[in-house]
Student: 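Okay, handing you the structure first.
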Amino acid sequence: MTVRQAALAAAKQYFDSGAFQSDLAGLVARPTESQDPRGKPHLMSYLTEAMQPLLQDLGFDTQIHDNPVPGGGPILTAARIEGASLPTVLCYGHGDVVRGQEEQWRAGLDPFTLTQDGDRLYGRGTADNKSQHLINLQAMAALIAAQDALCFNAKIVIEMGEEVGSTGLKAFCETHAGALRADVLIASDGPRLSADVPTVFTGSRGGIGFDLRVDLREGAHHSGNFGGLLADPAIILAHALASITDARGQIQVPQWRPDSLTPRIRDVLAALPPIQAGVPLDPDWGEDSLSMAERVFGWNSFAVLAMVSGVPDAPVNAISGWARASCQLRYVVGTDVADILPALRRHLDAHGFGTVQIVPTQTAGFPATRLDPDHPWVTFAANSLQQTTGCAPHLLPNLGGSLPNDCFADVLALPTIWIPHSYAGCNQHAPNEHILLPLARQALLGMTGLFADIAHLGASEAGNE
Ligand SMILES: [Zn+2]
């Protein structure tokens with residue numbers, strides 16, 4: 001039996017014996033809600049009582065760090081170093097969860113009690129992110145069981161504040177860049193594109209939030225006496241918005257149209273299955289010349305998240321003095337982030353909207369990242385997953401949403417390989433969050449095979465010294 005086969009056998013044994021399910025039950029039972037003060041004590045105990053013992057059993061040295069930002073959650077680092085000439089893999093996960101929302105779960109379900117129903121395991125954090133990092137750690141455990149070693153170096157970061165924007169993670173990675181040095185990031189979060197086929201993605205879109213405000217004068221003025229005499233801020237704002245996109249949402253600000261949708265990226269996106277969104281999509285919305293996948297994964301999108309003038313619930317016969325819209329641009333790599341708002345300023349001025357103010361908001365998400373889809377680590381991971389699972393993974397250049405991947409891709413300058421272990425219907429961030437047992441089992445085997453293949457790489461590199 002090869003090491004790979006022995007590791008896969010150990011992983012199967014772990015999963016099929018029920019140990020995976022009982023380990024996950026222990027993690028889910030910890031109400032690690034980072035968005036709610038009641039979760040605070042559990043953020044630390046998740047690391048000290050659940051993660052540290054597990055990692056120490058696997059031969060990792062562990063350390064728990066205060067968050068560099070006051071009030072931010074603790075951060076665990078762990079390392080198992082087997083040799084200076086071996087490849088080093090950095091793994092990331094987050095142990096915090098969004099609010100439990102216990103009153104909204106289906107009868108018979110509780111967010112902090114792992115509950116099986118057929119092929120589903122319900123519980124807050126099952127999908128996001130507790131099963132995902134448990135799978136990756138247990139895949140390493142299976143490899144260690146098979147050969148008493150990893151045959152590569154592993155470093156782990158577990159943060160407890162991802163659901164509040166990964167508070168302090170970037171500063172932490174900057175400070176600890178030396179200790180976190182690695183050859184590749186391999187991490188798991190988010191959903192696959194299809195439940196039964198592995199997905200590999202390598203980055204995420206970025207997001208920037210800002211308000212557009214038209215503040216013309218104090219108070220509102222009688223629309224009979226002043227209508228036709230006083231400019232209407234809501235109409236000015238509506239026209240300003242209408243200059244940013246056309247009537248089907250196609251972006252009109254030249255600098256907001258990315259140059260990164262290359263023929264190669266289009267090929268990669270063309271190979272993906274249809275988007276499973278759970279709501280009917282609007283084929284007549286967005287960039288006309290692009291496919292649906294290109295619109296969400298390969299292009300920028302502008303959204304008005306909220307807008308108001310006067311008091312919509314109690315309108316009076318008056319011309320409002322102000323109007324405001326909360327806006328967001330989701331953007332891919334190939335967009336000059338520093339020029340997003342200045343370019344909008346120039347565009348609005350050029351169209352005669354000098355009275356429209358741009359006010360940045362605190363809802364700026366994570367920057368955009370993407371690895372070359374032909375990077376050797378992408379090919380290596382995809383081949384390994386295909387060998388184990390029998391299916392060619394869906395290769396996604398980046399998520400449509402956001403992740404703190406800039407910490408790894410930009411600060412630590414790592415190739416970033418994300419292998420998500422959830423699926424689109426998992427209800428992450430909603431009541432009735434769950435994972436699928438067959439998917440979790442396939443994911444565990446896929447990760448075990450991948451780590452075994454990295455070990456093989458490590459063994460041959462060490463042999464070449
Ligand atoms: Zn989440």
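In listed order, ligands and their atoms are each counted from 1.
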Student: Tally every protein N/O/S atom whose distance to the Zn ion (ligand 1) is less than 2.8 Å; waters are neither shown nor counted.
Tutor: 4
Student: Ion pair present between Arg38 and Glu102, side-chain N to carboxylate O less than 4.0 angstrom?
Tutor: yes
Student: So, is the end of the Arg106 side chain (NZ or CZ) under 6.0 Å from the ring centre of Tyr122 and within 45° of the ring's axis?
Tutor: yes
Student: Are the ring centres of Phe380 and His375 closer than 6.0 Å?
Tutor: no
Student: Could you list all the salt bridge (Lys or Arg N to Asp or Glu O under 4.0 Å) pairs where at least one residue sits in residues 441-454, not counting sequence neighbours?
Tutor: Arg4-Asp453, Asp16-Arg441
Student: Please output the side-chain donor-acceptor pairs of residues 135-145 that fall under 3.5 Å, not counting sequence neighbours, one pair per line with the distance.
Tutor:
residue	atom	partner	partner atom	Å
Asn136	OD1	His421	NE2	2.9
Asn136	ND2	Ser188	OG	2.9

Student: Could you list the residues that satisfy salt bridge (charged side-chain N to carboxylate O under 4.0 Å, His left out) with Arg99, not counting sequence neighbours?
Tutor: none
